[in-house]
Amino acid sequence: MLKVEHIGIAVKELSTAVPLFEKLLNSPCYKTETVESEKVNTAFFRKSETKIELLESTSAEGVIARFIDKKGEGLHHIAFEVQDIKAEMKRLQSEGFVLLNEEPKKGADNKLVCFLHPKGTNGVLIELCQERS
Ligand code: ZN
């Protein structure tokens, strides 16, 4: 793993969360993107090396909607940048971590991603991400 690439925060409404984070960080949202396969709208902020991803569900059945139903809005995942996602998935699997997807999938922000089951990571959902070439 190279570094924390971004921190994901589940929100009910981007329409109110985006202006709030713009005020909080004193910088504009630089990108919004819908990931149909994940049923999410995302909004990105950057402060120097640090990125924040806000996630809003596009469907009452989506993972973010279900997360908010259970836990409320808040910290959703921590994403680590990796150089070779397949190798890292293999390594973590051999260490006993449970992957939520067997193959890297297309995420927001031009990334290949894989999530680890939070039951094996002290309750924290971990995302691995690799820039798509
Ligand atoms: Zn993410």
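Quick note: residue numbers are just sequence positions, from 1. All ligand and atom numbering here is 1-based and tracks the order in the structure.
- A heavy-atom distance below 4.5 Å is found between the side chains of K105 and E38.
- Sorting the N, O or S atoms of H77 by how far they are from the Zn ion (ligand 1) puts NE2 first.
- For the pair K111 and E131, the salt-bridge criterion is met [side-chain N within less than 4.0 Å of a carboxylate O].
- Screening I9, I64, L54, V124 for a side-chain contact (heavy atoms from CB on, under 4.5 Å) with H76, the sole residue that qualifies is I64.
- The Zn ion (ligand 1) lies at the vertex of an angle of 100° between the OE1 atom of E127 and the NE2 atom of H6 (rounded to 10°).
- Between the side chain of E81 and the backbone N or O of L2 there is no donor-acceptor pair closer than 3.5 Å.
- Residue E53 counts as close to the Zn ion (ligand 1), with an N, O or S atom under 2.8 Å.
- Taking backbone and side-chain atoms together, H76 has no N/O/S atom less than 2.8 Å away from the Zn ion (ligand 1).
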